[in-house]
Amino acid sequence: MRVKILEMKNIWKSFGSIEVLKGISFSVGAGEVVSVIGPSGSGKSTLLRCAAMLEAIDGGEIIYGNDVLAAPDAHGKVKYANKAQQKEIKKNFSLVFQDFNLFPHYSVMKNITAAQTIVQGAQKIEAEENARKLLRKMGLEDKENAYPCQLSGGQQQRVSIARALALNPKILYFDEPTSALDPELTGEILKVIRALAAEKMTMVIVTHEMNFARDVSDRVIFMDGGVIIEEGAPSKVINNPAEERTKTFLNIFKG
């Protein structure tokens with residue numbers, strides 16, 4: 001039985017009159033890799049942004065370990081933890097964006113160390129040692145003084161992953177980490193994520209890479225229209241889906 005890192009219960013989210021998430025529930029256990037697949041506009045990225053506190057939910061509960069981030073009050077209105085509690089809860093996760101989201105005016109080294117020193121209060125020398133270790137892991141040990149504009153898209157995304165790992169999160173979120181990359185550079189990033197999965201890093205990955213999701217995931221969630229249509233082992237959801245909507249979606253990728 002895995003220790004639960006994240007629980008999202010009956011999550012609702014609207015933008016104006018458009019309901020994007022309609023009562024979604026799922027959890028993630030320690031060391032588990034969960035891939036979220038589905039068509040564009042199905043709510044995948046919004047779900048991740050709600051988990052990462054970039055969007056506020058309209059209904060439901062979000063729990064990290066034993067810490068409640070958001071839950072309904074006595075009137076059914078969602079109430080979030082106070083700012084001090086939110087700051088502690090944020091230490092549980094890091095998010096890797098599809099467009100890298102690096103600071104263009106910071107060197108690679110400073111991009112990785114800034115959050116460690118500012119958010120976590122790490123000493124500069126300690127943060128730099130950690131950054132160099134992660135750059136070696138990413139095959140970028142010769143790029144610490146480079147700036148994002150001097151790097152390929154694949155290199156920028158590897159720096160982004162190193163920055164996320166530098167905060168030592170319990171769970172790592174990836175929001176379509178390869179969508180801004182060409183096929184060759186996509187392979188670079190998927191190789192890095194596969195290595196993290198082999199190390200039992202807890203991850204939730206929103207992706208359109210079906211073969212990758214099948215090979216690396218413990219569990220796959222197929223979303224459409226703001227709801228979970230199907231969920232289970234990759235061998236079931238991707239190789240032998242039960243729902244017609246899942247079959248139709250996957251047939252597109254089979255050509």
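Below, each value reflects all heavy atoms present in this structure, side chains not excepted, and no hydrogens, waters or symmetry copies. Being a predicted model, the structure only gives us computed values, none of them experimental. Position 1 is the first residue of the sequence; numbering continues from there.
- For the 3.5 Å distance criterion, the side chains of N10 and E61 fail to qualify, holding no donor opposite an acceptor.
- Other residues, nucleotides and ligands place no more than 12 heavy atoms under 6.0 Å from the NZ atom of K110.
- Looking at S14, its side chain never comes within 3.5 Å of a backbone N or O of G16 through a donor-acceptor pair.
- Using modelled atom types, no side-chain atom of D215 and backbone atom of F212 make a donor-acceptor pair closer than 3.5 Å.
- Heavy-atom minimum distance, G43 versus L21: O-CD2, 3.4 Å.
- The OG atom of S45 lies 3.5 Å from the CG atom of D175; values are rounded to the nearest 0.5 Å.
- Side-chain contact of S179 with Q98: a donor-acceptor pair under 3.5 Å is present, judged by distance alone.
- V28 is listed as a side-chain neighbour of T202, based on a closest heavy-atom distance under 4.5 Å.
- Within the 4.5 Å cutoff, the side chain of I63 has heavy atoms near those of the K9 side chain.
- Annotation for T246 and F222: closest pair OG1-CD2, 3.2 Å, computed over non-hydrogen atoms.
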Check the pair I171 / M201 against side chain to side chain contact (heavy atoms under 4.5 Å, CB included), numbers first and verdict last. CA-CA 7 Å; I171 185 169; M201 181 74 207; 5.9 Å; no
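- If you take NZ on K236 and CD1 on I238, they are separated by 11.5 Å, rounding to the nearest 0.5 Å.
- Electrostatic pairing of D224 and R245 counts as a salt bridge here, judged by a charged N lying under 4.0 Å from a carboxylate O.
- At a threshold of 4.5 Å between side-chain heavy atoms, the hydrophobic network of Ile, Leu, Val, Met, Phe, Trp and Tyr places W12 and I228 in two separate groups.
- Counting non-hydrogen atoms of neighbouring residues, nucleotides and ligands closer than 6.0 angstrom, the CD atom of E199 exceeds 12 such neighbours.
- Separating the CD1 atom in I221 from the CD atom in E231 is a distance of 4.5 Å, to the nearest 0.5 Å.
- Hydrophobic clustering, with ILVMFWY side chains joined whenever heavy atoms are under 4.5 angstrom apart, groups I229 together with F249.
- In summary, the aromatic rings of Y106 and Y147 are positioned with their centroids too far apart to meet the 6.0 Å limit.
- Connection of V204 to V237 is not established within any shared hydrophobic cluster, with ILVMFWY side chains joined at heavy-atom distances below 4.5 Å, either directly or through further cluster members.
- Listed for the E55 side chain is no donor-acceptor partner under 3.5 Å among the backbone atoms of C50.
- For the pair K13 and F15, the cation sits on the ring face: its NZ or CZ lies under 6.0 Å from the ring centre, inside 45° of the axis.
- Checked by atom type and distance alone, the side chain of Q86 pairs as donor or acceptor with a backbone atom of A81 at under 3.5 Å.
- The pair E32-R219 counts as a salt bridge, with a side-chain nitrogen and a carboxylate oxygen less than 4.0 angstrom apart.
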For K143 and M138: C-alpha separation, side-chain torsions, deciding distance, then whether side chain to side chain contact (heavy atoms under 4.5 Å, CB included) applies. CA-CA 10 Å; K143 299 295 184 183; M138 297 294 149; over 6 Å; no
Under 3.5 Å, which donor-acceptor pairs do the side chains of residues 185-198 form with other protein atoms, sequence neighbours left out?
unit_1, atom_1, unit_2, atom_2, d
T186, OG1, D182, O, 3.0
E188, OE1, R158, NE, 3.2
E188, OE1, R158, NH2, 2.8

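- You'll find the side chain of R132 reaches within 4.5 Å of the side chain of E128, heavy atoms only.
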Run the numbers on M53 and L69 for side chain to side chain contact (heavy atoms under 4.5 Å, CB included), then give the verdict. CA-CA 9 Å; M53 299 167 62; L69 169 62; 3.5 Å; yes
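- Considering only heavy atoms from C-beta on, V159 comes within 4.5 Å of I112 through its side chain.
- Between the CG atom in L102 and the CD atom in Q155 there is a gap of 11.5 Å [rounded to 0.5 Å].
- Judged by distance alone, the side chain of Y64 and the main-chain N or O of K90 form no donor-acceptor pair under 3.5 Å.
- In terms of heavy atoms, N111 sits closest to F103 at OD1-N, 2.8 Å.
- Remark: K247 engages P241, E244 in a side chain to side chain contact (heavy atoms under 4.5 Å, CB included) (not counting sequence neighbours).
- By the 30° and 60° cut-offs, the orientation of the rings of Y173 relative to F93 is tilted.
- A continuous path of Ile, Leu, Val, Met, Phe, Trp and Tyr side chains, each step under 4.5 Å between heavy atoms, connects I11 with F26, placing both in one hydrophobic cluster.
- The two residues I5 and G29 have their closest heavy-atom pair at CG1-C, 4.0 Å.
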Test side chain to side chain contact (heavy atoms under 4.5 Å, CB included) on D99 and E176 and set out the steps. CA-CA 9 Å; D99 56 357; E176 298 190 23; over 6 Å; no
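- Under the 4.5 Å side-chain heavy-atom criterion for grouping Ile, Leu, Val, Met, Phe, Trp and Tyr, L151 is connected to L134 within one hydrophobic cluster.
- Contact of the M8 side chain with the L6 side chain is registered, since non-hydrogen atoms from C-beta on lie closer than 4.5 Å.
- Contact check for V108 versus N145: no side-chain heavy atoms found under the 4.5 Å cut-off.
- Between P177 and Q157 the shortest heavy-atom distance is O-NE2, 2.9 Å.
- The distance from the CD1 atom of I37 to the CD1 atom of I205 is 12.5 Å, given to the nearest 0.5 Å.
- Closest of all the heavy-atom pairs between L47 and M223 is CD2-SD, 3.9 Å.
- Residues L48 and L95 form a side-chain contact, since some pair of their non-hydrogen atoms from C-beta on lies under 4.5 Å apart.
- With a 4.5 Å cut-off on side-chain heavy atoms, F174 and V206 do not count as touching.
- Separating the CG atom in N66 from the CD atom in E7 is a distance of 9.5 Å, to the nearest 0.5 Å.
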